[in-house]
Amino acid sequence: MATAAAMEGRSPTASLTEVKRHGGKELQPLATFLTVLARLRAGDRDAARTQLRELLAVAPVSPDLDEDVALRANLQLILGALEEEEEFIVRGARELAHRFGVGWPDRSMLAPATVLRAVSRRDTGLVAELIGSGIRHDATGRAVRLRIDTAREYLAMAARATVFGRPEEAGELVAQARELLSGAVGVDADELRATAAHIAEAAPRLPRDPAAPERPLDRLAYALLRSDGVVHPWTDAALRLWRDLIAEDCGGDNSHSQHHLAIAEHARAYQLEMADDDGAFESWRQAHAAWARVWTDDGFWERLRSRLQAAAADTTPEEVARVVGEARGELPAQLLEPHVTRVQELRRSQLARAHAHLELIRGAPFAPADIARARGRLARDAGGQIRRLIQEGRLDRALHEAQAWIEIDPDNVPLAEQALDVGIEVVETERSRGADWAARSRPTLERIAALVEPLRSTLSLTARQLNTRGLPQTENPDRLAFAAKLARHEFWLGAATLVSTADRLQTNPYADRTGFRAAVHHFNTALTLGVPTIDPYSRTRELLVSAAQWERAAQGGGDIGFF
């Protein structure tokens with residue numbers, strides 16, 4: 001009944017009341033998922049994203065139950081679509097394919113074409129598995145539709161490779177598209193075969209920079225790329241010539257030379273990076289600067305569009321404009337992606353080098369949204385690792401992971417939020433073990449508080465800043481989520497400080513009593529940040545009074561009750 005309500009656009013809440021009351025633990029994830037779908041239909045994407053991340057961390061993982069596999073896979077598919085993170089979509093698609101084979105589209109809550117477009121950019125091997133192994137003789141039906149949609153995506157990627165002067169890559173993609181189209185009939189298949197022929201014909205004929213004719217000095221620079229009979233992606237002599245050529249143009253049209261320089265600078269940086277040469281970082285910065293000039297040069301992209309239109313005369317202007325627009329829009333993400341990968345590879349063994357790559361992302365001369373997207377990818381990957389460790393009960397390791405990530409990217413708000421999650425989980429785990437929970441939890445909570453303090457200062461959320469200016473107004477969802485999680489952390493730090501101080505004082509009347517005042521400050525901060533109205537957070541004011549009473553009269557103070 002709840003599912004029907006969600007599909008029809010009605011709230012499933014009424015139908016889920018009995019499920020949550022009597023349905024048993026195994027039904028709770030599905031009930032929560034239906035609530036998330038209702039939030040999505042209502043347009044509350046931020047709340048849906050948050051709930052999906054939390055649900056994914058606790059979703060059942062039994063590989064023997066179709067329902068568990070389908071639920072977990074769709075959690076990843078929908079979260080991937082909302083987060084614009086294709087790796088989530090790939091994981092969900094892989095789980096569906098392994099469990100349901102060619103019947104996976106019936107279990108996918110994302111359109112199959114959407115899934116295939118994401119997978120084709122990440123895992124070409126999985127594409128073949130998703131399409132199915134025995135479908136080449138099926139000239140009609142869903143299988144052919146999947147093949148055509150995937151071939152269209154491959155040809156779009158081939159066009160982009162052609163745009164950036166990579167004819168070998170374009171040729172491989174065209175070959176894959178033609179293989180998918182083998183045996184398919186219909187107008188769509190015929191149009192795609194014609195497009196494949198145009199790209200295959202145009203790719204070898206376009207120069208390395210298809211935006212403008214070669215100038216004599218550009219041809220000379222290209223000649224300088226040849227050494228000992230081998231054409232190299234860069235040489236010092238070619239780089240110097242292109243740099244001088246651009247510097248001497250004095251405002252003239254040098255976009256074609258700029259594109260040459262960007263490719264060569266990037267190749268040099270990549271080669272130095274693979275050799276672990278620290279000179280790579282300056283080369284990366286120079287490459288980013290050169291690419292940024294190409295990226296912002298409207299004339300370059302307009303000439304590129306014109307050249308591609310001329311090379312593929314049968315393609316519509318709208319299609320060419322779309323391909324060029326996509327290539328331009330994706331350029332910053334493609335340039336930042338290697339640094340995201342290097343941060344993930346190096347963070348355990350070469351922390352300083354990982355941090356340097358993070359600084360390259362932060363300082364890249366691209367739009368703030370592109371930089372935020374790259375940093376968000378790191379935060380999501382880190383969050384997945386930390387939540388997995390929390391779920392496994394490896395809380396010390398989870399805190400170590402959170403601290404390592406924050407050291408790499410200290411003002412990444414979602415990363416700091418993950419650290420707060422660890423602290424809250426530590427408290428709840430220790431409380432379940434009974435007595436002395438406060439003394440065992442307090443060191444971890446204080447360690448986390450010190451870890452996020454610099455970010456709190458940046459966001460004007462320290463106790464002193466809150467007392468002076470109040471809670472800052474913001475509509476940024478990450479900052480709102482961090483402040484809400486920080487309120488819970490402050491509550492638990494206040495509670496642990498209050499209880500541990502009271503316990504020590506009961507056994508030693510001369511013990512340090514300053515913990516009561518610290519607890520008062522933590523509770524006040526929690527109230528200012530805004531604690532939830534559910535138990536035990538609803539008792540914040542009551543505990544604040546108790547802490548103040550203990551501070552005034554250390555012995556015989558108020559009853560701490562629940563704790």
Subject >> Derivation of the side chain to side chain contact (heavy atoms under 4.5 Å, CB included) call for L360 and L336 >> reply: CA-CA 8 Å; L360 287 171; L336 295 177; over 6 Å; no

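- No side-chain donor-acceptor contact under 3.5 Å links S108 to the backbone of W104.
- For the pair R447/Q403, a side-chain contact is recorded, criterion being any heavy-atom separation below 4.5 Å from C-beta on.
- Residue pairs that meet the salt bridge (charged side-chain N to carboxylate O under 4.0 Å, His left out) test with at least one member in residues 191-200, sequence neighbours left out, are D190-R193.
- Proximity of D278 to R353: side-chain heavy atoms (C-beta onward) are separated by under 4.5 Å at one or more points.
- Distance check, rounded to the nearest 0.5 Å: CZ of F33 to CG of N74 gives 5.5 Å.
- A pairwise comparison of heavy atoms in G92 and A73 identifies O-CB, 3.5 Å as the closest pair.
- Results of the side chain to side chain contact (heavy atoms under 4.5 Å, CB included) test with R397 over I386, V422, L389 single out L389 as the only residue that passes.
- A cation-pi arrangement is present between R91 and F88 under the rule of less than 6.0 angstrom and at most 45 degrees off the ring axis.
- Salt-bridge check for R268 with E265: failed, with every basic side-chain N at 4.0 Å or more from each acidic carboxylate O.
- Side chains of L459 and V413 form a contact here, defined as non-hydrogen atoms less than 4.5 Å apart.
- Atom CD1 in I406 sits 8.0 Å away from atom CG in L455 (nearest 0.5 Å).
- Note on R322 versus E326: salt bridge recorded, some NZ/NE/NH1/NH2 to OD/OE distance being below 4.0 Å.
- Proximity of L37 to M109: side-chain heavy atoms (C-beta onward) are separated by under 4.5 Å at one or more points.
- Using bins of under 30°, 30° to 60° and over 60° for the plane-to-plane angle, the ring pair H259/F300 lands in the tilted bin.
- Proximity of I408 to V343: side-chain heavy atoms (C-beta onward) are separated by under 4.5 Å at one or more points.
- Distance alone, capped at 3.5 Å, is enough to place a donor-acceptor pair between the Q465 side chain and the S457 backbone.
- Between E87 and R377 there is no salt bridge, since no side-chain N of the basic residue sits under 4.0 Å from a carboxylate O of the acidic one.
- Here the shortest heavy-atom pairing between L192 and A151 reads CD1-CB, 4.3 Å.
- The closest side-chain heavy-atom distance from H489 to K485 is not below 4.5 Å.
- Side-chain N or O atoms of T341 include one that pairs as donor or acceptor with a backbone N or O of E337 at under 3.5 Å.
- The pair D298-R328 meets the salt-bridge criterion, since a charged nitrogen lies less than 4.0 angstrom from a carboxylate oxygen.
- The main-chain N or O of V294 is found under 3.5 Å from a side-chain atom of W301 such that the two form a donor-acceptor pair.
- Here the CG atom belonging to L415 is positioned 7.5 Å from the CG atom belonging to L378, to the nearest 0.5 angstrom.
- Classified by interplanar angle (parallel below 30°, tilted 30° to 60°, perpendicular above 60°), the ring pair H357/F281 is perpendicular.
- Between L77 and I89 the shortest heavy-atom distance is CD2-O, 3.4 Å.
- No side-chain heavy atom of H355 sits under 4.5 Å from any side-chain heavy atom of E407.
- What you find for P332 and G329 is that their closest heavy atoms are CD-O, 3.6 Å.
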**OP:** Evaluate side chain to side chain contact (heavy atoms under 4.5 Å, CB included) for L335 paired with F366, printing each intermediate quantity in order.
**Re:** CA-CA 10 Å; L335 295 170; F366 302 118; 3.5 Å; yes

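- Under the 4.5 Å side-chain criterion, counting only non-hydrogen atoms from C-beta, H339 is not in contact with E273.
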